[in-house]
Q: 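Quick one: the structure is below, and I'll ask about it shortly.
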Amino acid sequence: MREVADHQPEVGYDHEAIQNRWLPVWDEVAPFRSGRLDDPRPKKYVLDMFPYPSGDLHMGHAEAYALGDVIARFWAQKGFNVMHPIGWDAFGLPAENAAIKRGENPRTWTYENIEMQKSSMRRYACSFDWDRVLYTCDPEYYRWNQWFFLEMFKRGLAYRKASAVNWCPSCQTVLANEQVVQGLCERCDNVVTKKKLTQWYLRITDYADRLLDDMEQLEGEWPDKVLLMQRNWIGRSKGAEVTFDIEGSDPVTVYTTRPDTLYGATFFVVAADSELAAKLAAGTSAEGEFQAYLDEVKKSTDIERLATDRPKTGVFLQRHAINPVNGEKLPIYASDYVLSDYGTGAIMAVPAHDQRDLDFARAFNLPVRVVVAADEDPALTGVATADDGPHVNSGDLDGLNKADAIAKIIAQLEAKGLGKPAKNYRLRDWLISRQRYWGTPIPIIHCDDCGEVAVPEDQLPVELPDASGLDLSPKGASPLGAAEEWVNVPCPTCGKPAKRDSDTMDTFVDSSWYFLRYLNPNDSVRAFDPELAKQWLPIDQYVGGVTHAILHLLYARFFTKVMYDLDLVNFTEPFKRLLNQGMVVMNGSAMSKSRGNLVRLSDELAVHGVDAVRLTMVFAGPPEDDIDWADVSPAGAKKFLARAWRLSGEVTSEPGVNFADGDVALRKATHKSLHDADLAVQTYRFNVAVAKTMELVNATRKAIDGGLSTADPAVREAVEAVAIMMSLVAPYTSEDMWSRLGHAPSVALAGWPTVDERLLVDDSVTCIVQIAGKVRERLEVSPDISEADLQAMALAAPGVVKALEGRDIRTVIVRAPKLVNIVPAS
RNA sequence: GCCCUUGUGGCGGAAUUGGCAGACGCGGCAGACUCAAAAUCUGUUGUCGAAAGACGUGAGGGUUCGAGUCCCUCCGAGGGCACCA
């Protein structure tokens with residue numbers, strides 16, 4: 001008879017005591033130290049996106065690291081040599097802003113937060129290898145940012161150019177295209193303006209085709225959504241370049257995806273803010289009007305520009321372009337609906353088949369000529385047609401469909417030297433200069449005589465000067481420029497006085513290669529060891545938020561390809577498999593102080609314990625889905641942990657008993673659970689894996705309550721299996737169970753039990769017998785029953801006989817051993 | 001506007017290749033224990049119906065012996081892109 005105390009968790013299961021018992025033991029056993037070179041086990045590299053040290057861990061971290069941990073711990077149980085490192089993405093604006101606000105040093109603030117997060121992660125039982133930790137703000141880390149930058153500089157992949165860049169007046173720095181969302185600064189949500197500046201860029205557009213085409217390798221391994229977003233972002237389009245003569249000026253080339261509609265061009269547009277527009281306007285009677293228009297355009301913000309329902313505006317430049325196919329004179333307009341930094345900054349306008357051109361044509365009373373036959377006339381409907389169809393009014397293109405017409409016109413233009421096939425990308429080069437202090441200094445010295453001079457490699461790292469004494473407040477120029485002693489140096493080439501580049505790098509540079517630094521984070525002679533990279537990379541499983549679907553992942557993929565070209569790595573894609581976890585929300589919306597729906601992780605941990613919080617995160621649903629904390633029950637999770645834990649105290653056999661002697665029914669339940677949970681984990685259905693573990697706990701409970709001896713080997717086998725399965729999610733509880741079962745730590749290394757296939761086969765199967773698709777009978781049959789026998793049995797079953805009374809049978813579908821469907825004749 | 005994803009009990013969610021819809025859990029209800037409550041344990045819980053049974057995976061249609069699953073149309077939710085020629 002069971003003692004009452006067994007059902008009293010407040011006496012038995014005590015999460016606080018269990019946590020305190022095992023944390024110090026793990027420090028000694030260190031079950032997750034990885035990467036010994038002589039380790040015979042196959043490798044798995046499991047990587048969580050590293051955190052930004054902006055304070056203590058929050059609920060979002062708790063979810064992400066719980067999920068990453070399930071995967072890392074699973075592969076360790078399955079016998080793999082798992083590398084699961086962690087580090088800190090420690091440069092960036094929040095540290096600097098916090099420093100300004102409190103008059104502190106960004107370094108101090110950053111490292112304090114890191115220490116806090118580190119100790120929280122340790123308590124949260126993250127299975128990180130604490131021997132491999134990195135901080136991107138460490139000079140020994142960022143020196144390699146500088147090294148990579150110089151390697152790119154040498155090859156022309158890093159270059160400086162002047163252009164109108166995105167400028168956040170609040171952050172007082174430039175932003176990459178990727179950091180501007182709907183015309184607002186991604187960080188502070190202020191309106192982004194344009195500013196003409198000379199800045200450093202990385203030539204990511206050189207890699208656009210490979211970034212796009214290599215995604216084939218990721219198909220099925222990355223979320224489709226992310227692949228799609230990357231494809232859209234790169235935005236490759238195929239078309240042609242066509243050269244137009246200009247009356248009284250030099251010829252102009254345009255890019256078009258629809259060269260087949262060349263006969264439908266009725267006007268010509270150049271980007272108002274392009275040099276071409278200014279050149280064409282110069283000396284015409286339209287010059288004054290053009291200047292006034294340009295001034296207007298420059299005043300408008302991105303927000304205004306992005307409004308899609310904005311009426312089209314522009315100025316006729318009093319010039320004409322000559323259509324190369326028919327010699328027609330096309331009036332040239334300057335307008336802000338044409339972008340100066342895409343294609344050639346000039347377009348041929350085909351209003352019948354392009355909505356934007358049609359809108360402009362209607363606003364300026366320009367002719368509309370249909371060249372692809374359509375049911376409705378765009379000039380009347382106001383809707384441009386983009387469908388395929390026979391060409392009309394198009395000379396010898398008449399009658400051809402779109403694909404054929406495109407091929408023919410390109411061939412014709414090419415023969416005359418007036419055009420050629422062309423590709424274009426939405427993707428722009430990556431602007432990496434930032435006018436802030438807390439980042440990697442750009443290792444370039446500007447010399448009046450020698451120009452941009454690379455800092456010699458033996459002088460790396462270019463360390464940040466001490467922040468004390470510098471005014472870090474945003475003022476539009478880098479604070480480093482005011483560090484006189486730091487900024488003024490002799491030119492490495494000629495020795496004359498010169499100045500260091502005072503900008504720092506975008507922090508996305510730091511995170512573009514950090515996964516390689518983990519291999520040997522203290523290597524002082526190179527960024528990483530190529531031999532170790534061959535062994536460990538690419539990353540088998542990457543885990544992180546979908547917020548980085550474009551930025552970080554695109555940049556890291558770009559860096560990887562550059563490293564491949566530099567012969568530093570032997571792979572072209574860094575992350576083989578990607579899991580995007582969802583967010584933790586509260587009552588339907590993202591948690592925030594201002595909303596008043598913030599749930600503090602530390603509170604949850606104190607009340608329910610680490611394991612219950614982790615279990616709640618994992619069990620809530622599919623990992624990609626958001627978790628609404630209001631919908632889940634950490635108390636319920638704790639109840640389950642206590643139930644499972646209590647079982648471990650009831651086992652009365654000794655470790656090492658022969659499981660084969662145990663009760664077959666319970667053994668079957670155990671092996672089925674192990675099998676199902678294994679499959680579930682591998683397919684990211686962690687919640688299902690947990691459910692399978694719960695089923696086994698329930699089955700074991702029922703078996704014991706039903707009279708099975710607690711000394712039966714099957715009971716030990718079941719409870720040990722529970723402990724091992726639970727070790728992925730609830731490390732403290734399962735470690736304690738393992739100990740109560742008479743084993744030495746750590747359960748994390750116990751190994752996933754081998755499933756006995758014979759125990760997965762049931763003695764009998766429930767066969768359902770349907771009549772016209774409705775279940776009428778259930779039969780217990782042998783799993784290897786023949787179809788004929790099963791059909792005979794089904795037809796003889798009383799329920800079937802009764803239901804079929806007086807009806808003829810049309811067909812019988814037999815799917816032995818699980819189903820028979822009898823179809824009566826009407 | 002365009003593209004993608006998604007829609008299953010009161011709630012979170014399960015459901016190899018089309019084959020017993022609702023696993024597992026939360027919540028609810030009933031009972032045990034208790035002076036009482038909490039906690040815990042046991043049972044029960046899709047809807048309608050006393051029952052037999054019928055109905056049931058956003059709506060409508062289709063394919064099929066059989067559809068949550070496949071196809072078409074529509075509706076709702078979430079996300080991405082939004083003058084990229």
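To find a chain, count down the sequence lines: A is the first, B the second, and so on, and within it residues start at 1.
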Q: Send over the distance from Asn687(A) CG to A23(B) C1', rounded to a whole Å.
A: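 Atom-to-atom, Asn687(A) to A23(B), this comes out as 11 Å.
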Q: Starting the side chain at C-beta, find the nucleotide from G80(B), C26(B), A85(B) nearest to Met229(A).
A: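 Taking heavy atoms from C-beta onward, the closest nucleotide is G80(B).
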Q: Could you classify G9(B) for me, syn or anti, using a glycosidic angle within 90° of 0 as syn?
A: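 That one's syn.
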Q: Tell me the interatomic distance from Asn580(A), atom CG, to G80(B), atom P, rounded to whole angstroms.
A: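 Answer to the nearest Å: 13 Å.
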Q: Taking any strand in view, what nucleotide pairs with A54(B) in a Watson-Crick or G-U wobble way, both distances under 3.5 Å?
A: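 Result: U47(B).
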Q: Distance between the P atoms of U57(B) and G7(B), in whole angstroms?
A: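 Result for the P pair: 14 Å, nearest Å.
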Q: Say you pick atom P in C74(B) and the same atom in C65(B); how far apart are they, in whole Å?
A: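 Per the computed distance, 28 Å lies between those P atoms.
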Q: How would you label the contact of Arg231(A) with the nucleic acid (heavy atoms, under 4.0 Å): base, sugar-phosphate, or nothing?
A: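 Touches nothing.
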Q: How long is the line joining CZ of Phe640(A) and C1' of G25(B), in whole Å?
A: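 Computing the Phe640(A):CZ to G25(B):C1' distance gives 10 Å.
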Q: Can you tell me how far P of U16(B) sits from CZ of Arg685(A), to the nearest Å?
A: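 Distance check: Arg685(A) CZ to U16(B) P gives 7 Å.
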Q: What is the pairing partner of C41(B), taking Watson-Crick or G-U wobble pairs with both distances under 3.5 Å in any strand?
A: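 Across any shown strand, C41(B) pairs with G31(B).
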Q: Without hydrogens or angle criteria, can the side chains of Asn424(A) and Ser237(A) be said to hold a donor-acceptor pair below 3.5 Å?
A: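 Note: Asn424(A) and Ser237(A) side chains miss the donor-acceptor criterion.
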Q: Starting at atom CG of Asn821(A), determine the distance to atom P of G19(B), rounded to an integer number of angstrom.
A: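 Taking atom P of G19(B) as the reference, CG of Asn821(A) is at 13 Å.
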Q: For the base of C65(B), is there a side-chain donor-acceptor partner from Arg810(A) under 3.5 Å away?
A: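 Under the 3.5 Å cut-off, the side chain and the base do not form any donor-acceptor pair.
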Q: Please state the P separation for the pair C29(B) and U47(B) - nearest whole angstrom.
A: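 Comparing P positions in C29(B) and U47(B) gives a spacing of 15 Å.
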Q: Side chains of Thr385(A) and His353(A): is there a donor and an acceptor less than 3.5 Å apart?
A: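 His353(A) and Thr385(A) do have a side-chain donor-acceptor pair below 3.5 Å.
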Q: Nearest to the side chain of Arg426(A), which nucleotide is it out of C55(B), G12(B), A82(B)?
A: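 Output: A82(B).
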Q: Given the structure, check if the side chain of Lys818(A) and the base of C20(B) hold any donor-acceptor pair shorter than 3.5 Å.
A: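 Absent.
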Q: Is Asn698(A) touching bases, backbone alone, or none of the nucleic acid, heavy atoms closer than 4.0 Å?
A: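 Answer is sugar-phosphate: Asn698(A) comes under 4.0 Å of backbone atoms only.
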